[in-house]
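Just so you know, these numbers use all the heavy atoms, side chains as well, and skip hydrogens, waters and symmetry mates. Positions are given from 1, in the same order as the sequence printed here.
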Amino acid sequence: MIDRLHSAGRRQGGDWDGERNGAMTSGGGTDGGRLRALPADGGPAPVLTRDGQVAYGPRRLSDLVHRRPPGVTGHQWTTALRESYDLVVCAAGTGRPTVAVEIGPPPAAGSPGQRVERMKDAVAAAVGLPVLRIGSPTLRPADHGPGIVAYVLDAHAYTNRWAGEPGVTGFRDIVGRLPDGRTGPVNDLGALTRAAAVEAYVARRLSDPIVRGLHVRWSGGPAEGWSWVEVRPGAVLVERVTVAEHRFTCGVDPVRFAEDLATLAVGERLRTLDSAEPPLTSRDELRAAIRGLAVRRAELVDGFAFDHLCVD
């Protein structure tokens, strides 16, 4: 589970813009009555309740939609309905889905899994179902999903509450007391990992206590965050996470969110450092991979801001 650090500025009374409008989106279309409300009774209990929203565990797409929409083929429809989301957030009062969440390794390019994912995306788009997809080989729905969803709901509520107000600090940059006693951004999901890295360095389990990272956003694609720490001289533990928002906004900058989640994943791997050393990447291989991003800067939103990491 994620150790939550802080939540601030929630809308008083649990009144959500998303609940009133039917979805936590930034401009998605209507569903034409094709989204199916999840019943509050008669099924598994919610894994999370937050400010007028409830999150349930895995649900098939067939539990969330009915009536095939125009533009979706029969093959897309029948294939997609068998697929599941790891968590589904609904408005507590109506049971109407407000966002479906996926957390796990992304399918390989050109694989059957990727083709199925595209059919699933086509149906979700056609019915107006908001989706948040987090790609990570380390973060797991059962262990990390409820904490990630709680963070997103808090960030979304805070951002809605203060939208348009001048001089308001963003959710990610709220400053307070960190677990190690320092003052810093309390909604940095990587803060606990950074503290753990320092402890591991002091215990001589790491050769460097600094957790480093970068983030980019692909044009027409997901945000991507990298995070790494040097375990042995010249050998680093690297995590990469992608964040894709479909008809949904997280309430925090998705590229920073992706890097924070990658740092969170590094912390998860550090927990098992004593019992089993995770696969490591040489510093030269990491630098070559970063240079590979740099040469593709034309494909990135706002270019590439980490050229300093490309030098020896």
Side-chain angles (χ1 to χ4, degrees), residues 2 4-11 17-18 23-28 50 89 98-99 101-103 106 130-136 139 144-145 147-176 178 184-194 211-228 239-267 290 293-294 296-297 299-309:
I2 291 177
R4 292 287 296 116
L5 300 175
H6 180 74
S7 299
R10 292 182 190 142
R11 185 180 298 276
D17 283 348
M24 297 187 295
T25 70
S26 58
R50 207 77 162 187
V89 180
T98 55
V99 63
V101 182
E102 290 184 348
I103 302 171
V131 174
L132 173 63
R133 179 174 290 120
I134 295 171
S136 169
L139 300 178
H144 307 101
I148 290 173
V149 169
Y151 181 90
V152 168
L153 296 185
D154 287 347
H156 191 94
Y158 178 88
T159 302
N160 277 356
R161 170 66 179 84
W162 298 106
E165 295 289 336
V168 174
T169 300
F171 181 80
R172 169 60 173 75
D173 297 317
I174 296 171
V175 174
L178 297 176
V186 293
N187 289 319
D188 171 10
L189 289 175
L192 297 176
T193 296
R194 299 179 216 284
V211 181
R212 295 174 170 84
L214 62 80
H215 52 259
V216 297
R217 183 160 192 167
W218 297 97
S219 299
E224 184 171 342
W226 298 19
S227 184
W228 62 90
E239 286 286 335
R240 302 181 187 183
V241 173
T242 57
V243 172
E245 302 166 303
H246 302 284
R247 301 163 298 282
F248 176 78
T249 55
C250 289
V252 291
D253 184 350
V255 293
R256 295 182 70 190
F257 186 41
E259 184 177 337
D260 285 351
L261 288 172
T263 305
L264 176 69
V266 166
I290 295 172
L293 281 181
R296 299 178 64 187
R297 68 182 72 232
E299 303 173 47
L300 302 173
V301 177
D302 298 326
F304 183 74
F306 299 91
D307 288 300
H308 61 283
L309 298 174

Testing the basics here: between [X] and [Y], what is the closest heavy-atom pair and its distance to 0.1 Å?
X      : Y      : value
Gly190 : Thr263 : CA-CG2, 3.6 Å
Pro222 : Ala244 : CB-CB, 4.1 Å
Thr169 : Ile174 : CG2-N, 3.7 Å
Leu178 : Val186 : CD2-CA, 4.0 Å
Ala262 : Gly225 : CB-O, 3.6 Å

Using 0.5 Å steps for rounding, measure from the [atom1] atom of [X] to the [atom2] atom of [Y].
X      : Y      : atom1 : atom2 : answer
His215 : Arg256 : NE2   : CZ    : 7.5 Å
Leu132 : Ile148 : CG    : CD1   : 8.5 Å
Cys250 : Ile134 : SG    : CD1   : 7.0 Å
Asp188 : Asp260 : CG    : CG    : 4.5 Å
Glu259 : Leu261 : CD    : CG    : 10.5 Å
Ile290 : Leu309 : CD1   : CG    : 5.0 Å

Do the charged groups of [X] and [Y] touch, with an N to O distance under 4.0 Å?
X      : Y      : result
Arg217 : Asp302 : no
Asp253 : Arg172 : no
Arg296 : Glu299 : yes

* pair Val216-Val255: side-chain heavy atoms closer than 4.5 Å -> no

* Structure fact -> Taken in chain and number order and not counting sequence neighbours, the residues that satisfy side chain to side chain contact (heavy atoms under 4.5 Å, CB included) with Thr159 are none

* side chain to side chain contact (heavy atoms under 4.5 Å, CB included) partners for Ala294, two or more places apart -> Arg297, Phe304, Asp307, Cys310

* To do: Say whether, by atom type as modelled, one donor and one acceptor occur between the side chain of Tyr158 and the main chain of Leu153 under 3.5 angstrom.
  => no

* Asked: Centres of the Phe171 and Phe257 rings: under 6.0 Å?
  -> no

* **Side-chain H-bond candidate by donor/acceptor type, Glu239 with Trp226, under 3.5 Å** => no

* Structure fact -> Applying ring pair (Phe, Tyr, Trp, His ring centres under 6.0 Å) to His246 and not counting sequence neighbours gives none

